Amino acid sequence: LIAKAVNCRNPVDGSPCGQCDCCRGVDNGSLVDVVEIDAASNNGVDNIRDLREEAVFLPNIAKYRVYIIDEAHMLSVGAVNALLKIMEEPPEHVIFILATTEVHKIPATIQSRCQRFDFKAIAENNVVARLKEVLGSINVSADEEALKLIADAGEGAMRDSLSILDKCCSVSDKITVKTVCEVLNLTDMGAVSELSGYICEYNVKEALELTDRLLDEGAEPSVLISQLIGIYKSMLIKSADKKEKLSTEEVMRFLEILADAEIKMKRSAYPAVVFETAVTKLALPEAEEDFVSQAARIAKLENTVERLLDEGAAYASNDNKPIEKEPERELQIKKNKPQKHTIKADDKLSLIHNLRFRRIGR
């Protein structure tokens, strides 16, 4: 795009017209004055010396000779030094474009001679809108949730999202969430959401049973972790806005455990065991002693108290009347009857106060 813009015969408000010989030459790769170099495979000093010798010649057709060096951080030390020589005093007809995903690896001597542009990830709604345009042009339909899943998998890169869409189109004329899951080898999001729900409720038994079932069905542990991280990332934003039942600290604990498990999984010969261990840690904060886990245990206890009240637990009377001895027969009948959970009002207030005091004190 930049090579077209600087060489276009008839620019429109600074943008290439797309119709002139230079624009068409860049599009079809026939314009010899625009050269793209993959630094990952052409990173030697000899490659850059050849470029430097060629750059001194005037362009054949275009106004500027443009060199696009992709993966510029892969250049060797010798190649960087050779490139620096021409960048210190570049010919007026030459433009260098260095593209990289790891700008911190580009030497300061090179960066100081460049005009830097940082590209941001494309917003999900813009990716979805573009995917809809593409589908409309080829008469293929897709569910909204499926397109959002594709955009999320593309991580803000339009090219990656379009590549995933192309694979989905080769599978079905009606793209659904199931289609995308099959293409990306993702586990059904309903099952993953169910697993996330058990973890959020600290229901370790149900969480582990569902984990075993998903693994038995062929789910990849690394994919499951990635999907859970996506769910909890969304929860983290909601917890910060007070729109989520879980606290920010609890969600951060989930993400830290999963991120740690993801690293361990890459080095382990038993990724399924690593994942099951992570699920156990997530749903069983009693197993850890750090502050965040203690906060999670307090939240779990508070939730248990609230649940008991919702299920009909009653407050016990606060009076101090002496308990009269009941006849043995009546006492035996009462023992055999199912009893309601009872929590004294003062005891509950004291319990919650102490729990929250401990959380703040920590």
Side-chain angles (χ1 to χ4, degrees), residues 1-18 20-124 126-127 130 154-163 233 259 263 266:
L1 287 173
I2 296 175
K4 286 164 65 176
V6 297
N7 286 317
C8 181
R9 309 284 191 195
N10 307 298
V12 180
D13 297 327
S15 298
C17 68
C20 68
D21 58 338
C22 286
C23 286
R24 293 198 305 271
V26 172
D27 286 336
N28 59 35
S30 64
L31 187 63
V32 295
D33 295 320
V34 176
V35 181
E36 183 173 358
I37 300 172
D38 180 13
S41 54
N42 300 281
N43 59 1
V45 62
D46 291 336
N47 300 112
I48 301 302
R49 281 175 180 167
D50 292 342
L51 178 154
R52 192 174 65 191
E53 292 173 1
E54 181 186 288
V56 297
F57 296 106
L58 291 172
N60 291 317
I61 300 172
K63 182 180 178 181
Y64 292 99
R65 187 182 287 274
V66 181
Y67 291 96
I68 303 169
I69 304 178
D70 195 14
E71 302 292 343
H73 63 276
M74 298 290 288
L75 290 173
S76 66
V77 175
V80 168
N81 291 331
L83 181 62
L84 184 59
K85 288 183 179 180
I86 192 171
M87 289 188 68
E88 287 175 338
E89 296 180 6
E92 293 183 358
H93 61 269
V94 173
I95 294 176
F96 290 102
I97 300 175
L98 278 62
T100 179
T101 54
E102 301 183 52
V103 70
H104 60 281
K105 292 185 178 180
I106 304 293
T109 50
I110 295 290
Q111 289 196 44
S112 63
R113 289 168 172 80
C114 295
Q115 190 173 8
R116 176 173 165 175
F117 299 94
D118 293 313
F119 294 96
K120 299 178 181 178
I122 303 173
E124 181 185 277
N126 291 332
V127 175
R130 176 60 180 154
E155 297 182 340
M158 186 66 75
R159 181 176 61 183
D160 292 345
S161 298
L162 289 172
S163 176
K233 279 173 63 179
I263 295 172
K266 294 176 182 177

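Here the structure is a predicted model, which means the values were calculated and not measured.
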Please identify each residue that fulfils side chain to side chain contact (heavy atoms under 4.5 Å, CB included) with N47, with sequence neighbours left out.
N42
Shortest non-hydrogen pair, A82 vs R49, comes out as CB-CG, 4.4 Å
So, S163 side chain and R159 main chain: donor-acceptor pair closer than 3.5 Å or not?
no
For N126 against M158, the heavy-atom pair lying closest together:
O-CE, 4.2 Å
Please determine whether a side-chain nitrogen of the Lys or Arg among D33 and K63 lies less than 4.0 Å from a carboxylate oxygen of the Asp or Glu.
no
Looking at A99, is its backbone amide N or carbonyl O close enough to the side chain of H73 to form a donor-acceptor pair, meaning the two atoms are under 3.5 Å apart?
no
Would S15 and D13 count as having a side-chain donor-acceptor pair, cut-off 3.5 Å?
no
For E155, I'd like to know if atom CD has over 12 heavy atoms of other residues, nucleotides or ligands within 6.0 Å.
no
Ion pair D118/R116, N-O distance below 4.0 Å
yes
With V66, the side chain to side chain contact (heavy atoms under 4.5 Å, CB included) member among I2, N7, V35
N7
Is there a donor in the side chain of E36 and an acceptor in the side chain of Y67, or the other way round, less than 3.5 Å apart?
no
Is there a donor-acceptor pair under 3.5 Å between the side chain of E53 and the backbone N or O of I48?
no
Run the side chain to side chain contact (heavy atoms under 4.5 Å, CB included) test against K233 and tell me which residues pass, sequence neighbours left out.
I229, L255
Other residues, nucleotides, ligands: >12 heavy atoms within 6.0 Å of E92 CD:
no
Identify the heavy atoms of G78 and V45 that sit nearest to each other, and give their distance.
O-CG2, 3.6 Å
How long is the straight-line distance from NE2 of H93 back to CZ of F57, given to the nearest 0.5 Å?
9.5 Å
